[in-house]
Asker: 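Below you will find the structure I want to go over with you.
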Number of protein chains: 2
Amino acid sequence: MATGRTHRPASRSRGIPEATVARLPLYLRALTGLSERSVPTVSSEELAAAAGVNSAKLRKDFSYLGSYGTRGVGYDVEYLVYQISRELGLTQDWPVVIVGIGNLGAALANYGGFASRGFRVAALIDADPAMAGKPVAGIPVQHADELEKIVSDNGVSIGVIATPAGAAQPVCDRLVAAGVTSILNFAPTVLTVPDGVDVRKVDLSIELQILAFHEQRKAGEEAANQAAHPTAARRDDSAEQGPDGDVPAVMPA
Amino acid sequence: MATGRTHRPASRSRGIPEATVARLPLYLRALTGLSERSVPTVSSEELAAAAGVNSAKLRKDFSYLGSYGTRGVGYDVEYLVYQISRELGLTQDWPVVIVGIGNLGAALANYGGFASRGFRVAALIDADPAMAGKPVAGIPVQHADELEKIVSDNGVSIGVIATPAGAAQPVCDRLVAAGVTSILNFAPTVLTVPDGVDVRKVDLSIELQILAFHEQRKAGEEAANQAAHPTAARRDDSAEQGPDGDVPAVMPA
DNA sequence: ATGTCTTTGTGAACGCGTGCACAAAGATGG
DNA sequence: CCATCTTTGTGCACGCGTTCACAAAGACAT
């Protein structure tokens, strides 16, 4: 979807479907948790529950990586952590630059999840000269003029764009020209990149709008149900409960 | 995908496929841009280019909403903006609460994209008593004890979770119990919710890991190409090359 | 060894999403 | 009014992703 395909035959990178790749980080996170609690092995059922997916899907996903399980027992946690890490390319260090050190950029710089696993913030870059030199998350911000040099010197291949919408495409162009081939875009814009460059986008307002759509739908169904049965608020079987004003939804487990 | 299906027939909400719903905000954004520049009509080709999608897909997407175009001419921008806004439920106001006012939560609160279209930050909530009363983005932070009352009083149905991972599930449970039926989760955890509640997640490290996977793959192909054509050295790539002792596994160009 | 029991790995069926390609619809000009 | 040209709306085919259901594989006890 957001993958700059090398317009090769189809969407498999090597034999691993894109959908599977997107779930590997989820499995890895669950496995890391188990590893920290020194759990030696885990079944597909347990791990699937922890990752929030179907167990058949998980087994099929793992089958693309190889036969790493033992029938009747399950999967060796440590071994699987290693295999998935390797598959995802997390056994090496990825220097990352963050461009646009506003509220969001600063928050990203401070985010712990970076360093924890394979990623290292190589530099923070901002166009505002007033920011230059000021440390954010312990790293001094550098001016945008240095962008090309920073990317080149550090061998950066992954860039994070957290600029305002208007600046995103120019920044993207410069990053790509300097050698970056993967971009994570937080700006609310569609980025155009040459073939061979991957772009993934994270867009708050799109996510909210999708939620709003479903929310409206729920409210509509609710209203329709109430209209159909004004007296008996039809809550016979597992349907969705009231959004607002209505009976509070059920308690979780 | 991340939609709490009502395990009803299939994945269509009303006749509108989920994939289409996910693209509507994209179209809306492009259309808003055109509207601001007073462009009266737009063809599927032009709009598709602006939104970064295929024109046939765009036409099919719109066909689910109705026949809003004029053959030989295109689509009326203003009319389409209205129809999509209505379909997405953006003609009404959605009060939203943000829970967890750390770096990220504060950045989200300051994000302009909220108020712009249908969404209103009804409250900021944090568990730290020291934060209580302190204004962030012009809104005073309230203590987590007030969560249920805030949700109830404001008729909040959408909640944003920006807490640390450990706090996410308990917060989620409380939000749902208080009546929230849509959750946008920024914490790196799998949330478990009852049926009828939608959860969408935004996860920085997952996105990075997916990029790393493709990046590693590119590096592998690159290395293989160089091996095949040692003279035709493409750009000097510095930091990578298979950490895995594994075979690069290439496919021919 | 043999049998039983657990859990994996996968063949097959199905449904969703995508994109092609074209007919229908309407605008526009003579 | 007719011809031509543009652009929509969609029937159709294809491929990816998901899920079911089960045989194969191995652990474990006797």
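We name chains A, B, ... by the order of the sequence lines, and we start the count at 1 in each one.
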Asker: For the pair made of CG in D61(B) and C1' in dG9(D), what is the distance, rounded to whole Å?
Answerer: 13 Å
Asker: Side chain of T70(A): nearest nucleotide among dG9(C), dG26(D), dC20(D)?
Answerer: dG26(D)
Asker: Which residues pass the side chain to side chain donor-acceptor pair (under 3.5 Å) test with T192(A), sequence neighbours left out?
Answerer: none
Asker: Could you measure the distance from the OG atom of S157(A) to the CG atom of L175(A)? Nearest 0.5 Å is fine.
Answerer: 11.5 Å
Asker: Check nucleotides 28-30 of chain D for protein N or O atoms closer than 3.5 Å to its own N or O atoms and list the pairs.
Answerer:
none

Asker: Counting only side-chain heavy atoms from C-beta out, which of dT10(C), dT19(D), dA27(C) sits nearest to N54(A)?
Answerer: dT19(D)
Asker: Is any side-chain heavy atom of F213(A) closer than 4.5 Å to a side-chain heavy atom of L90(B)?
Answerer: no
Asker: Less than 4.5 Å apart, any side-chain heavy atom of V160(A) and any of V99(A)?
Answerer: no
Asker: In whole Å, what is the span from the CD atom of E18(A) to the P atom of dT18(D)?
Answerer: 11 Å
Asker: Given atom CG of L58(A) and atom P of dT19(D), what is their separation to the nearest angstrom?
Answerer: 12 Å
Asker: Over how many whole Å does the gap from R59(A) atom CZ to dA25(D) atom C1' extend?
Answerer: 14 Å
Asker: Taking atom C1' of dT10(C) as reference, at what distance in whole Å does atom CG of L65(A) sit?
Answerer: 15 Å
Asker: Round to the nearest Å and state the distance from R71(A) atom CZ to dT6(C) atom P.
Answerer: 16 Å
Asker: Within this structure, what is the NZ-to-C1' distance between K57(A) and dG15(C), rounded to whole angstrom?
Answerer: 13 Å
Asker: Looking at dG9(C), I'd like to know if its phosphate oxygens (OP1 or OP2) sit under 4.0 Å from a side-chain N or O belonging to Y75(A).
Answerer: yes
Asker: For A56(B) and G72(A), take the nucleotide of DNA chain D holding the closest heavy atom to each; which residue's nucleotide lies nearer the 5' end?
Answerer: A56(B)
Asker: Under 4.0 Å, heavy atom to any atom of DNA chain D: which of residues 32-51 of chain A qualify?
Answerer: none
Asker: Are Y68(B) and dT7(D) close enough that a side-chain N or O sits under 4.0 Å from OP1 or OP2?
Answerer: no
Asker: Assign each of A19(A) and S67(B) to its nearest nucleotide of DNA chain D by heavy atoms, then name whichever residue's nucleotide is nearer the 5' end.
Answerer: S67(B)
Asker: What pairs meet the ring pair (Phe, Tyr, Trp, His ring centres under 6.0 Å) rule with one or both residues in residues 27-62 of chain B, with sequence neighbours excluded?
Answerer: Y27(B)-F62(B), F62(B)-Y75(B)
Asker: Of all heavy-atom pairs between I16(B) and E87(B), which one has the smallest distance, and what is that distance?
Answerer: CD1-OE2, 3.5 Å
Asker: Tell me the interatomic distance from D76(A), atom CG, to dG26(D), atom P, rounded to whole angstroms.
Answerer: 16 Å
Asker: Base of dG19(C), side chain of K60(B) - is there a donor-acceptor contact under 3.5 Å?
Answerer: yes
Asker: Going by heavy atoms in the side chains, are F119(A) and S205(B) under 4.5 Å from each other?
Answerer: no
Asker: Run E18(B) and I210(A) through side chain to side chain contact (heavy atoms under 4.5 Å, CB included) and show every step you take.
Answerer: CA-CA 9 Å; E18(B) 193 56 35; I210(A) 294 171; 4.2 Å; yes
Asker: Quick one: list whatever passes salt bridge (charged side-chain N to carboxylate O under 4.0 Å, His left out) with R59(B), sequence neighbours left out.
Answerer: none
Asker: For Y68(B), check side chain to side chain contact (heavy atoms under 4.5 Å, CB included) against everything at least two apart and list the hits.
Answerer: L65(B), Y79(B), L80(B), Q83(B), R86(B)
